[in-house]
Each structure stands twice: as C-alpha cells, then as structure tokens.
Enquirer: 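Would you mind keeping the following structure in view while I ask a few things?
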Amino acid sequence: MSLVRNEEQRRLQETAEDFLRRNAPVSALRKLRDEGDSLGYSRKLWQEMAELGWAGIIVPQQYGGLEFGFAGMGALLQASGHTLTASPLLATAVIGASTILLGGDEAQKDTWLPGIASGQTTLALALEETHHHDPLGVELSAAAQGDSYVLQGRKLFVADGHSAEQLIVAARSSGAKHGEDGISLFLVAGDALGVLRKRTIMADSRNAANIEFDRVRVPPDALLGAAGQGWPLLEAVLDRARIALAAEMLGNCWECFNRTVEYLKQREQFGVKIGSFQALQHRAANLYTELEMATSVVLQACASVDDDPQQVALLASLAKAKLNELSKQVTNEAVQMHGGIGVTDELEIGFFLKRARVAMQLFGDSRYHRDRYAALSGY
Amino acid sequence: MPIPCCGNPLTGKCYHRRRFFDTRTSFRACHCRVYRVSMEPLQQFREEVRQWLAENCPAAMREPINPGEQFWGGRNAIFSSEDSRLWFERMRERGWTAPEWPREYGGGGLSPAQGKVLKQEMQAINARAPIFNLGIWMLGPAILEYGSEQQKHRFVAATLRGEIRWCQGYSEPGAGSDLAKLQCKAEDRGDHFLVNGSKIWTTKADHCDWIFCLVRTGPPTSKQQGISFLLIDMETEGISTSPISLISGESDFCTTFFDNVRVPRENLLGELNQGWSVAKFLLGHERKLMSEMGADIPSVEPASLPMEYANGKMADPELRRQRVEYDMLMHSLRLTHARVLDEHVAGLQSHLPLIMKYLGTEAEKVKGELLLAMLGSAGLGWEGEEFSVSQRKALRQWAMSKTLTIAGGTSEIQLNIIAKRALQLPQQPT
C-alpha cells in the first residue's frame, strides 16, 4: 500500500473540491438550515453528484458503478468535509452500498445496487438504541412469523433516517443483549406500515431521525445474510463507515485549520499581525503536526479497505479515535484564535465546530475506539 | 523513472481496477500496461536484493543490536565481532552504506525507489545498519551539495569506507537555540585558519577523528552572515575534549576546546562566510536522524512489561488508557514515517520532513513517562541487583528521552520552523 494518493485519486479529489466549492459551499448548508428544508440536502445536487459517478464509487461496474475503490471514496469524502456538504454520500454511497455489497445475495445486489449507483435509491443505517455507540447492544426484536419477520423497537440517531427510501435495520432475532449471535440486518422501506420516523434537528444542521418500529412485518427477502449471523457484516460495514467518516472529518479539520491560519495572517492587534505571536504560532504548528499524522492514518485506513482487509478493523478504530480527538482540538482552537468573531453565527467556523461534535459521536466516540483498539491489540 | 498510474508501485497491484476516473471524458482505460512495464525492473531488483541479503547478511547481524555493538568507523574503530566486520565490508563493496549516493564517491547509485526497496528488504530480515556515522547521516549530504570535487573524493569516500568517525561542533556555551550568536573564532591567515574558542554538545568528541564546525569568520556581531563551515582533524595540536555527565548517567557529549588550532584552508566547506546555509541544510538531516533515533537500538517497550489482566484486558483501566494512547500515537507516527518515504519516492514536494523531529522525540518522552507509570517503584531503580536489567534500562531510557527534545534544535525551535516554513506565519518583529 502507498501512503500517497495516485494521480487519478488526486484528480478526483481536486475535481470534487472544485465542484463542491462552486455548488455546495458552507453557505448552502446555512441556507438549508435557515429555510428549515424538510429534506436537509439538495436533491438536485445529489443528482449531479450521482452523474459524476460519486454515488457508485465503490459499486462494481456490472451494477452500474465506477468500481474506483475505497481510496477514491476517501478522497471524495475528504473533499466534502471542506465544504460541509450535506448529501447522502456517507449514508448511501458508503454505508448502504457496502451493506448490500458485503451482505446481499445476487438478487438483492441486482435489486439495489444499480439504484444506489444512479443516485435514485437512498439508504440509512438504523443501529443505535442508546445515546452512546453500542452496536452489540441491539435489542430491537425480530420475531419470526412463518417465513417473515416482525420488528418491534426503537432506533435513535439514524443519519439520513428521516428521508432515506430504505432503512437498514439492525435487529435481534435471538440471543441476549451484547451477544454477537442473534443479530440480523433487514432492509425495510422507510414508509412501511408501522414505521414512524421523527426527524431530529441536530447541532450540525444535517439529517437524522429517531424511528419507532411498531409490529413492522418484513418479507424473507428483506434479510441480509443469514438470520442471527449479521454481526460480522455489521462490523465490516461499520468499519467502512468509520473510515469514511474519518476522511470527512479530516477535510473538516484541514479547512477549519487553513481558515484559522489565514486569519492569523490578516488580523492585527497591538500594531502587528497576531500570527507573529509565538504563543499562537506554537499552537498552530502543533496542530499542523497532528493534522499531518491524522492524514497518514486516514490514507492508510482507506487503502486498507482495498488492499489489506486484515488491518481494516484496527485502522478504523485508530482513524476514528484520532479524528475524534483532532476534531475537538482543531475546532476549539479555531474558535479561540478567531476571538470574538469566532463565537458569532455569521462566521462559518461555528458550522465546522458543530459538525465535528456530531461526527465525533457517530459510529463511536474516542472512548469506544480506544477500548476497541486495545482489545484488538490483545490487552 | 515514469510515475506509475497506480498507487502501489511496490506490490505491483493496481488500485483503481481497470478504470480511471475523469469527470470531463467520463471513462478512460487505465494505463496499467505502462505501469507494469515500468515497474518490472523494480520487482526484479527486489528479488536480487532479497537473494543477496539472504546470502550475505550473517545471522548474528539479524539479531537486535546491543549498545556497544555498533560499528562507528574511524581510525580507532573496532568491530564487536567478525560478523560485524564481514557485514560492513560486504555492504561497503556494494556501496550500500549510502545506497542513494553517487557511485563515484563510494555510494550505491540507487534511485529513491530502489533505496526504499533495499530499506524494506533489510527491515524484513531485521538486518542491522552496517555502520553508524554522523558523516553518513548528516555531513555527507552537505559535502555532496557544497563540497569541491576534491573534498567529495577525500571525505565522502573515506567516510563510506569507514575510515572517519565524525562529530558535530555547532552549539557553544553561550549559543544554544540562538546558534547565530556563536563566537568560536577562525582567523583568516591565508593558507590556513587559526581557530580559538569552544564547542559544547559535541557527540562522543573524545572518540572521533574529525569534527565539522561552525566558526565565526566575520566580525563578532555579524550573526548569520559571518559564519563559515570548517572540517577539522581532531588530532590537530591545540584541541582538547572533556565529557559531560548527563541525568541519564551517560556521557554521550563533550565540551571541545580549541586553542590556536591551525586548519588548512582546503578544509573550508562552501564559501567563506556562507557556513549558515550549509548548517541549515545539514540540520535538516540531523532532525531526520533524531526523528528516527532509537530505531536501531532495542529499547524497553511498554508492551514488553508484565501486566495484570482481568477478563482479557489490562486490569488497571488508567494504565490501559495511557498505553493505548501511546500505541495509537506510535502507530500514527510509523505511518507518517512511511508516508515521508512514499512522498520522497513519488517525487512530491512536502513539508512533512519538517515535523518528524518534533513528533518523534516528543513521542519518546511519552514512552518514558508511560514506562515509569507502568513500573511504579520498580521503575525507579538506578543500579544494583534488586532491580532487573530491563527495569534499570527503562529508567535510563526515560532520563535519556529528555535529551532528545533539546538536542538538534529544541521542540520550541522546531515549532518556530514549522510556523515559518510550513504555515508561513508572519515573523516576530525583532
């Protein structure tokens, strides 16, 4: 594996940054927020992104995708972190596509992947039931009735959950809470009978929902993989989600940092640019070293999905834990170094701060991933 | 060498799988064919290297090295074993004591990509470095950059033959971080310079053959503009050294005194009064070295300490947390080291090398404190049989780590440099 993006990946990243800065800058997110947009992203923008091939980056060509690999996906998400672009890229193009790819049978792939790649179908992973990431803590029940299942329970913090056409629901068909056996993944239509979705207005102005499942009947072909054997699939999907989200967070951090360094070069106090003060220089330089280390981690984590499956889990936890800590540090320093204007809504730094806090909780906070990294390392 | 279209020049595996992305023309065929053609010689080189190492690297040279077993070269050099001598001589014959330097001066003439292959193949069998020498790590690149043809043949070639052990004379008692204030004076006497003054933190000066020195050739107030770079034979009359005891109990450094020392003019490296440029060039190499220090000598690792476990986890949650944070830091650092190399091979311009000294040496301090935290009072034994070898070693390592963020430019100086060069922040009014 190489820790340098190749020419095509670099070009993809540059094209993406350019496209997003023109079509979906932070001001677009502000507009969605201020207008209380019910979808929370621009459907037109998503169609354009899909036409560029972004919805099908990791989808094989036989299903209409680009088959460009996960390293390319990482470059794309990093670009979207610079602009804080709200879109189904993470929930659908990474998580939805990965779930079907890794867990679906041929018929399910034929049914869903072309729609994902073309941008028509959107998905969301309904996993959490408590306020901290706890994938083994699934209690939403899936009771077998004949050859179908009945789902009963509640999900929280479902990213894109209020609008996705299909929900990937983690359910317990057998076994006890926190047991690996007995977890099953189902595909459930977002408008199925008994599904009650409540959109949550979150700090980052992005899209999430709390969802009730009240006696929701699903057919046998809604099951992904074997009943009760969904844990390895869920872990694999989550690791891809963590790595992709870490790439987005990396873009967020770099943008926030670059804007702050730019401000240090512009702002004058005491008759000099404040960037000439050593107290600020050292803090900025230290952040830069952390950013470069995080960049190495994200590059390796993305490449490992394509080339080194054995390392994916460890690198996913490393990447998510690193980026969680870095996001907190960079966004806090950005606000502080901007001074008074840093705490105004007028300045866009606040949007980076808020997105960082949501991303830090999504798919595992630092405590979760430190614990997992240690466990995977044998202590 | 053409830049490969694929991300993975060494495994020969294509990243983007047959297709290549371009938003303007939608699809184009990947030029993997070009890639395979250009990469084949590298794969062949790897196989040759692997075979050569298998045949020529003695088994003992694949064992972890102990302090005192390194071969430093020089007039008084001794090999700690016959295998050590064999290994050095075989590597020297191939020019692989400095693989990427020109062949005419004793180097290996390898490309960066080939250099990386050699490094990887040596790491794969845990091969020791055949020689340890500041002349290779630091001075050599500066001579190749600034030296005359005669100097290159004289000094570079001899250093690579293991005939000169070098030390560095930069800092002075009154000029540490503010190096430009140095006062060690070299008077221009036509065919020679007359040197008077002292240098501090000269590494193992009492064991070295030659010293490369920054000296004042301009007026005392001339700062960077009045500094020259001299190469001085330590056997010259008027030079004396005195070792400095450190908190670690080691004496790796000396103070070196110059009393009317005559240095031939031909030992001036670069132009007169242009020594600062040479020094800056060379410091970059020292920082790279410092960031990799400890890579060869096996140190006490937190993972090697016996710990109590409960339910498969370290029983003490606070120590477990400290350890995992350290492990994640080191993992990130290793990947960043690898990225420096990959960027070098890909020919990319980058600020990455600027940050490695700071990160690497700060991480060593984190390790030292973690070792003491894990060992408790068992990690406080200075000497005596009541403490195990590794316990005592951990303590010395902890003390030694304090040196690293000071020598070769303090962490604060590193941050200044990063702020200036990587971030291009405005400089303080002086």
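Labels below follow one simple rule: chain letters A, B, ... track the order of the sequence lines, proteins then strands, and each chain is numbered from 1.
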Enquirer: Looking at B:S332, B:A303, B:P317, B:A419, which makes the most heavy-atom pairs under 4.5 Å with chain A?
Expert: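 With the most close heavy-atom pairs to chain A, the winner is B:S332.
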
Enquirer: Go through B:I417, B:L348, B:L335 and name the one with the most non-hydrogen pairs under 4.5 angstrom from chain A.
Expert: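 Of the options given, most contacts go to B:L335.
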
Enquirer: Between A:L315 and chain B, with a heavy-atom cut-off of 4.5 Å, which part of the residue counts as in contact: side chain, backbone, both or neither?
Expert: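 It is the side chain, since no backbone atom gets that close.
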
Enquirer: So for B:A422, is it side chain, backbone, both, or neither that comes closer than 4.5 Å to the heavy atoms of chain A?
Expert: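 B:A422 touches chain A through side-chain heavy atoms alone.
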
Enquirer: Check whether more than 12 heavy atoms from other residues, nucleotides or ligands sit under 6.0 Å from atom NZ of B:K420, and answer yes or no.
Expert: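 Counting other residues, nucleotides and ligands, NZ of B:K420 stays at 12 neighbours or fewer.
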
Enquirer: With chain B, which of A:K265, A:K273, A:E51, A:R367 has the greatest number of heavy-atom pairs at distances under 4.5 Å?
Expert: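 Heavy-atom pairs under 4.5 Å are most numerous for A:K265.
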
Enquirer: Is the CD atom of A:Q336 crowded by more than 12 outside heavy atoms at less than 6.0 Å?
Expert: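 No, not enclosed.
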
Enquirer: Is it the backbone or the side chain of A:F19 that comes under 4.5 Å from a heavy atom of chain B, or both, or neither?
Expert: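 Neither part; nothing is under 4.5 Å.
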
Enquirer: Do you know the tightest heavy-atom contact between B:L371 and B:E301?
Expert: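 So the minimum-distance heavy-atom pair works out to CD2-C, 4.0 Å.
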
Enquirer: Tell me, for A:Q300 versus chain B, whether the close heavy atoms (under 4.5 Å) come from the side chain, the backbone, both or neither.
Expert: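 Looking at A:Q300, just its side chain touches chain B.
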
Enquirer: Is chain A contacted by the side chain of B:Q424, its backbone, both, or neither, given a heavy-atom distance below 4.5 Å?
Expert: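 Contact with chain A is through both the backbone and side chain of B:Q424.
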
Enquirer: Test B:E121 against B:K119 for side chain to side chain contact (heavy atoms under 4.5 Å, CB included), laying out the working first.
Expert: CA-CA 6 Å; B:E121 292 302 319; B:K119 201 166 179 174; over 6 Å; no

Enquirer: Between A:A321 and chain B, with a heavy-atom cut-off of 4.5 Å, which part of the residue counts as in contact: side chain, backbone, both or neither?
Expert: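 Side chain of A:A321 only, per the 4.5 Å heavy-atom cut-off to chain B.
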
Enquirer: Check whether any side-chain heavy atom of B:V300 lies under 4.5 Å from a side-chain heavy atom of B:L305, and answer yes or no.
Expert: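 Result yes, sub-4.5 Å side-chain heavy-atom pair found.
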
Enquirer: Taking A:G275, A:S366, A:G378 one by one, which has the highest count of heavy-atom pairs under 4.5 Å against chain B?
Expert: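 Of the options given, most contacts go to A:G275.
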
Enquirer: Only pairs of heavy atoms separated by less than 4.5 Å count here; which of B:R334, B:E362, B:M328 has the most with chain A?
Expert: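 Max contact count across the listed options: B:M328.
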
Enquirer: Where on A:N258 is there a heavy atom nearer than 4.5 Å to chain B: the side chain, the backbone, both, or neither?
Expert: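 No part of it gets close to chain B.
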
Enquirer: Chain B heavy atoms under 4.5 Å from A:L280: which part of the residue, side chain, backbone, both or neither?
Expert: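 Looking at A:L280, nothing touches chain B.
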
Enquirer: Is it true that B:E318 and B:R323 have a side-chain N and a carboxylate O under 4.0 angstrom from each other?
Expert: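 Here B:E318 does not pair with B:R323 in a salt bridge, since their nearest N and O are not under 4.0 Å apart.
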
Enquirer: Is any side-chain N of the basic residue among A:E14 and A:R10 closer than 4.0 Å to the acidic one's carboxylate O?
Expert: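 Answer for the salt bridge query: no.
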
Enquirer: Can you list the residues that meet the ring pair (Phe, Tyr, Trp, His ring centres under 6.0 Å) rule with A:Y368, with sequence neighbours excluded?
Expert: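 A:H133.
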
Enquirer: Which bit of A:E325 comes within less than 4.5 Å of chain B, counting heavy atoms only: side chain, backbone, both or neither?
Expert: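 It is neither, since no heavy atom gets under 4.5 Å.
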
Enquirer: Do B:K313 and B:E308 meet the salt-bridge criterion of a basic N to acidic O distance under 4.0 Å?
Expert: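 So B:E308 does not pair with B:K313 through a salt bridge.
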
Enquirer: Would one find more than 12 heavy atoms of other residues, nucleotides or ligands at under 6.0 Å from atom NZ of B:K223?
Expert: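 No.
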
Enquirer: Which bit of B:L359 comes within less than 4.5 Å of chain A, counting heavy atoms only: side chain, backbone, both or neither?
Expert: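 B:L359 touches chain A through side-chain heavy atoms alone.
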
Enquirer: Non-hydrogen atoms of chain B under 4.5 Å away: do they reach the side chain of A:S377, the backbone, both or neither?
Expert: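 Neither part, no heavy atoms under 4.5 Å.
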
